[in-house]
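Okay, so here's the structure we're looking at.
Throughout, protein chains are lettered first and strands after them, A, B, ... in sequence-line order, and every chain is numbered starting at 1.
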Number of protein chains: 2
Amino acid sequence: MRNILVIGAGRSASNLITYLIGKSESENLHVIIGDLSLENAQEHVKNHKNATAIRLDIFKEEERQKAIKNADIVISMLPARFHIEVAKDCVTFGKHMVTASYISDDMKALDEAVKAKGLVFMNEIGLDPGIDHMSAKQVIDRIQDKGGEMILFESFCGGLVAPESDTNLWNYKFTWNPRNVVLAGQGGVAQFIQEGQYKYIPYNRLFRRTEFLEVEGYGKFEAYANRNSLSYRSIYGIDDIPTMYRGTVRRVGYSRAWNMFVQLGMTDDSYILENSENMSYKDFVNAFLPYHPTNTVRLKMRHELKVDQDDVMWAKLLELDIFNADKKVGLKNATPAKILQKILEEKWTLAPEDKDMIVMYHKFGYILNGEKKQIDSKMVILGDDQTFTAMSKTVGLPVAIATLAILNGKIKTPGVQLPIRKEVYNPILKELEEYGIVFKETKMPYIGYNPDEI
Amino acid sequence: MRNILVIGAGRSASNLITYLIGKSESENLHVIIGDLSLENAQEHVKNHKNATAIRLDIFKEEERQKAIKNADIVISMLPARFHIEVAKDCVTFGKHMVTASYISDDMKALDEAVKAKGLVFMNEIGLDPGIDHMSAKQVIDRIQDKGGEMILFESFCGGLVAPESDTNLWNYKFTWNPRNVVLAGQGGVAQFIQEGQYKYIPYNRLFRRTEFLEVEGYGKFEAYANRNSLSYRSIYGIDDIPTMYRGTVRRVGYSRAWNMFVQLGMTDDSYILENSENMSYKDFVNAFLPYHPTNTVRLKMRHELKVDQDDVMWAKLLELDIFNADKKVGLKNATPAKILQKILEEKWTLAPEDKDMIVMYHKFGYILNGEKKQIDSKMVILGDDQTFTAMSKTVGLPVAIATLAILNGKIKTPGVQLPIRKEVYNPILKELEEYGIVFKETKMPYIGYNPDEI
């Protein structure tokens with residue numbers, strides 16, 4: 001029996017754990033699921049003989065180390081900032097480790113120690129980061145192996161609501177951490193390169209500088225730029241590529257409406273509003289509008305944001321009940337972002353029967369034999385239900401497959417790494433296809449960037 | 001002979017030093033001027049027998065302590081962040097200290113030690129902070145002493161260019177630290193209270209939410225909100241006042257045009273632009289605009305910022321030569337803010353014959369004997385030349401007067417303090433009048449906030 005310790009049994013771990021338990025017989029696995037809530041962990045185990053639920057508080061060193069010592073490999077599904085203590089123990093006790101998070105500086109610093117012990121610490125092997133890396137690098141490697149030269153890479157990904165559950169004017173519901181959605185774009189200027197020109201978009205323009213995308217059968221989408229697209233050039237081995245852009249996908253119209261909150265300052269998480277607890281929703285809006293003794297909050301809002309009478313953006317605001325003078329915020333010492341999150345959660349939480357959807361879209365431009373060409377590669381994944389969501393599938397399955405591959409010695413290059421080598425991405429992408437995680441490629445003449453208006 | 005050590009002999013120290021040297025005979029003073037540049041210090045001394053110039057590097061402990069030991073009182077005209085080492089030495093060696101800077105947390109922490117030694121550490125005694133505190137508190141105390149209840153306090157201050165030197169379309173030149181002008185408004189949300197309603201303005205709206213002011217003989221001005229107006233309520237003893245607002249004064253139209261830079265992201269000081277050194281001014285602008293193979297930077301700029309063909313904002317941009325494709329930025333690893341500052345300094349630096357101007361404007365609303373009343377109090381100070389600027393007068397004279405008053409035991413309450421007590425502000429404001437620093441008060445019925453549109 002090989003022991004796999006999964007730390008963190010949230011919703012996004014459903015497919016991961018189901019996969020591992022499903023393989024437990026044939027692969028001789030025992031899956032230990034550790035969570036702060038024993039009930040959470042038990043729900044995943046469902047009394048399977050090859051699985052054990054334990055209560056695990058990672059901040060209790062002894063408890064944590066005991067669980068890690070007992071494992072052959074450790075999967076951390078914790079929030080990214082909590083990985084490092086687990087990682088250090090994995091080095092100490094000589095255990096492999098897998099996460100779906102970006103490699104932090106702390107994690108990177110362990111690389112030498114991890115290599116010295118011959119361990120594999122596989123990170124960024126969820127959806128985004130994860131499937132994006134693997135699916136992109138596979139096509140880039142293919143093009144380069146043929147002698148092609150990459151001239152454009154654009155990559156878009158978004159967690160959305162499935163069309164059948166898409167019931168509000170924003171065409172959006174929270175399918176992962178709402179706080180991250182409210183704070184999206186605040187981590188620094190968005191920077192990328194287009195046709196050799198470096199471009200920078202500040203937060204206050206980010207949601208108005210969207211691009212449009214079309215996915216056959218699913219209609220139109222839009223994308224706003226992710227923080228730093230430039231660092232991916234060296235990771236993907238395309239350092240001199242003239243166009244490199246990464247973006248977050250939303251349904252058309254979402255970003256322009258979201259920008260209203262940005263402009264007013266409602267997404268700010270850096271200060272506390274006076275008397276936030278007793279504010280009404282209307283008071284909250286009014287705090288960001290000029291004082292006037294008689295003009296209504298609604299008219300001031302329309303004027304401040306230049307929202308015409310017949311603009312659907314207004315209906316989007318009304319749908320959120322944001323002008324309600326009777327509903328109280330009810331949060332003590334809250335930042336604007338916290339209050340906005342609360343207001344949105346009332347309207348954007350998935351209903352029990354709702355399904356989510358993942359959209360990923362890559363564009364590859366290249367020159368092969370003197371000819372400019374383009375490949376568009378698209379993936380849409382729908383959730384089955386609220387347990388086996390598209391998010392859980394696309395995050396959990398690559399983690400699970402990688403874990404087993406490491407255990408079985410198929411992924412063996414040691415070090416702190418992400419899945420950009422063929423030995424890693426080829427078998428994983430192949431197995432993911434069995435679970436419906438498939439990219440559809442279209443070859444076309446090179447369109448390039450912003451071509452229609454030349 | 002009483003020794004006064006003045007540390008930092010920049011331009012804003014001219015009036016300060018001239019005042020002290022002028023009083024040196026009658027008051028038995030010796031003025032020691034210490035600066036990193038001995039030439040700077042000597043320029044102020046002009047071979048006067050009661051003044052000595054020394055080269056002083058405050059980061060050399062021995063040098064610094066020797067100079068402080070030798071003084072009876074120390075004036076620090078250094079940038080605010082450098083006061084603290086001087087202050088600690090003043091405590092150690094039992095010397096009084098005067099600064100024109102806001103009291104930092106570090107400085108505040110010395111209060112007990114300063115009191116224990118019976119020392120006076122007078123801070124915030126320049127212009128803003130300084131004359132603003134004194135002139136405001138004098139009127140507030142007068143109103144409250146008569147039994148009046150304060151219901152409104154608004155205070156505006158700005159360092160501008162004198163009308164006779166006002167030669168550009170922005171009606172602005174740098175009369176103090178250009179970097180602070182470029183970064184203005186970035187220190188956190190602007191917060192204030194109007195008629196009992198707390199209001200918050202994010203950076204991206206700050207320069208579009210201006211108020212207008214009129215000063216007889218000088219025409220119209222505008223003001224944008226300062227960072228945190230609320231903290232002044234307790235300092236001024238008007239905790240429950242329903243309207244409290246502080247703002248920075250500019251000529252009308254400046255803020256709306258400045259907002260173009262804010263919107264594009266050109267005032268950001270948090271990241272470095274790729275290859276900044278070799279960018280042209282036009283490249284710099286283009287970095288914040290969408291890529292297009294053929295459209296001009298100018299048209300993209302007009303479209304992005306919605307600047308109409310006949311809008312004077314466009315002429316303001318042209319005046320800065322910001323679309324020049326031949327001028328190179330020439331700054332290595334520069335942030336957008338650094339580059340913008342360079343571009344502005346080429347156009348906004350005072351010419352040798354230029355004069356500056358200080359505008360301060362307070363509004364006091366109060367209820368006395370059941371009647372609502374208002375006092376507007378205004379001050380305009382013009383510079384004499386580039387040495388005796390309005391900034392140097394209004395910053396340096398209160399510092400100098402306070403220093404002498406402390407030396408002479410007229411200001412004697414010990415501790416780390418700011419000039420809000422009568423014993424301090426009354427004699428200083430009185431003496432400032434001799435130097436033309438005079439407020440003109442107008443009494444009127446209470447107008448209150450935003451009254452025209454009710």
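Counting heavy atoms from C-beta outward, B:L230 and A:E274 have side chains that approach closer than 4.5 Å.
No part of B:D283 comes within reach of chain A, as not one of its non-hydrogen atoms sits under 4.5 angstrom from that chain. At a 4.5 Å heavy-atom cutoff, the contact between A:Y271 and chain B is made by side-chain atoms alone.
Few gaps surround NZ on A:K327; more than 12 heavy atoms of other groups in view lie less than 6.0 Å from it. The number of heavy atoms from other shown groups lying within 6.0 Å of NZ (A:K342) is above 12. For A:D310, the CG atom sits in a packed shell: over 12 heavy atoms of surrounding residues, nucleotides or ligands are nearer than 6.0 Å.
Contact residues of residues 198-212 of chain A toward chain B are A:Y198, A:K199, A:Y200, A:P202, A:N204, A:R205, A:R209 (heavy-atom distance under 4.5 Å). Of all residues spanning residues 232-242 of chain B, those with a heavy atom less than 4.5 Å away from chain A's heavy atoms are B:R233, arranged by number.
With chain A as the partner, the residue from B:I193, B:L289, B:D268 showing the most heavy-atom pairs under 4.5 Å is B:L289.
Note that the OH atom of B:Y291 and the CD atom of A:E195 stand 4.0 Å from one another [nearest 0.5 Å].
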